[in-house]
Undergrad: 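First the structure, then my questions, so here it is.
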Amino acid sequence: MKNYKPKNRLSAKSYIDGVLAGDRVILSRAITIIESNLESDKVLAKEIVQEILPSSGKSIRIGITGVPGVGKSTFIEVFGLHLVKLGHKVAILSIDPTSQRTKGSILGDKTRMEELAILQEAYIRPSASGDTLGGVANKTGETMLLCEAAGYDVILIETVGVGQSETAVHGMTDFFLLLMLAGAGDELQGIKKGIMEMADMVVINKADGDNITMSKLAKRQYQNALHIFPLAESGWSPEVSTASAIKNIGISHIWDVILKYKKLVDENGYFLKNRDHQQIKWMYNNINEELKHMFYNSKDIKTKLSVLEKDIVSSEISPVKAAQQIIDTFKKSFK
Ligand code: GDP
């Protein structure tokens, strides 16, 4: 299976030229190559990404998170439409760790963003699937570069506020937006302190109808909560605001805040410093993923692991000793 080479692949040059020309069909096909696990596609993907790299990066990358039901898709649709009206080209990507385990992912199984999806100025791509969050994140990162090279100047990367994927999204974006609801405790919303700490902006969503008073109260509470955190390296103090995607209230303010942030970090040098730092981290992520892949796909390791698993269960060997034996096997295969 691994060595199977699909017939419908184009030459690397065709993908590169198509992406650079902003051809959406070719862009989608190139992303399929990025997401593929076939060895021949991996080679092709590396070539495409390397070649489009100089044309990437000219965007603002925004991470958006919040628990399921907070209104992410509704918000992104309205926010995206606002940005398109302002003349931007918007790409919407997602990192959804649940898509690795279950067939229907949290982010992917609804018909989402119908109005935005039909616009030429918007490009929506559901989450890549993969065995590990790191692998999925790497693929989304490369997809983002391709979208930038195709002319999308605002990249929205969405994730569900339930776990590690926020850290991955934070690690590849310039600005991190957290959507919250009024009246639900932090525990209820499953938002951990660490995620609050990453936020450049907290938006209390669904601030409409009977919810307005509660939302204003929640705004003050979050402002107080964020004050406790030390000033971020960016020099930016996170903003809290209220919004209603359904009533289109507070949406343009959010973009204004993002622009204010961008101005600050452009001037104080943090924008580029952060991107440089992210690039280096990305290299390490790739090394980690590749090593893990090589390790667990090695025939010797697979065989030995299945034997040692049984030995551990029957108490013939301790887990620590078993791990050492596996590592020794791996080392030998490199001599
Ligand atoms: P997601 O799971 O975070 O993507 O949330 P959705 O965008 O699917 O929204 C979940 C529910 O909240 C839907 O029933 C929406 O109609 C509703 N909703 C989304 N935004 C708003 C809003 O601004 N105000 C109100 N009242 N409801 C909203």
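Counting convention: from 1, in listed order, for ligands and their atoms alike.
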Undergrad: Taking only heavy atoms of V67, which atoms of ligand 1 are found under 4.0 Å from at least one of them?
TA: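 In order of number, 3 (O).
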
Undergrad: Is there a heavy atom of I76 sitting under 4.0 angstrom from any atom of ligand 1?
TA: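 So I76 does not count as touching ligand 1.
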
Undergrad: Considering G66, G71, P68 one by one, which has a heavy atom nearer to atom 6 (P) of ligand 1 than any of the others?
TA: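 It is G71 whose heavy atom sits nearest to atom 6 (P) of ligand 1.
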
Undergrad: Please tell me whether W282 and H277 form a close aromatic pair, meaning their ring centres lie under 6.0 Å apart.
TA: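 No, the ring centres sit 6.0 Å or more apart.
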
Undergrad: Please report whether ligand 1 has a polar contact with A243, defined as an N or O pair separated by less than 3.5 Å (distance criterion only).
TA: no

Undergrad: Mind listing the closest non-hydrogen atom pair of K206 and N211 along with its distance?
TA: O-ND2, 3.0 Å

Undergrad: With a 4.5 Å heavy-atom cut-off, do I60 and D153 have their side chains touching?
TA: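 With C-beta onward as the side chain, the pair stays apart.
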
Undergrad: How would you list, by chain and number, every residue that makes a ring-ring contact (aromatic ring centres under 6.0 Å, His included) with F175, sequence neighbours excluded?
TA: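 So F175 forms a ring-ring contact (aromatic ring centres under 6.0 Å, His included) with Y261.
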
Undergrad: Side chain, backbone, both or neither: which part of D208 has a heavy atom under 4.0 Å from ligand 1?
TA: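 Side chain only.
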
Undergrad: Flag E158 as yes when one of its N or O atoms lies below 3.5 Å from any N or O atom of ligand 1, and as no otherwise.
TA: no

Undergrad: Would you check if there is a donor-acceptor pair between the side chains of N285 and E289 at a distance under 3.5 Å?
TA: no

Undergrad: Distance-only check: which donor-acceptor pairs under 3.5 Å involve side-chain atoms of residues 19-33, not counting sequence neighbours?
TA:
residue, atom, partner, partner atom, Å
D23, OD1, V25, N, 2.9
D23, OD1, I26, N, 3.1
R24, NH1, Q120, O, 2.8
R24, NH1, A122, O, 2.7
R24, NH1, Y152, OH, 3.2
R24, NH2, A122, O, 3.2
S28, OG, R24, O, 3.2
S28, OG, Y123, OH, 2.7
R29, NH2, N8, O, 2.7
T32, OG1, S28, O, 3.0
T32, OG1, R125, NH2, 3.4

Undergrad: Given I246, N248, N211, identify the one with the heavy atom nearest to atom 21 (C) of ligand 1.
TA: I246

Undergrad: Just which atoms of ligand 1 are under 4.0 Å from any heavy atom in K72?
TA: 1 (P), 3 (O), 4 (O), 5 (O), 7 (O)

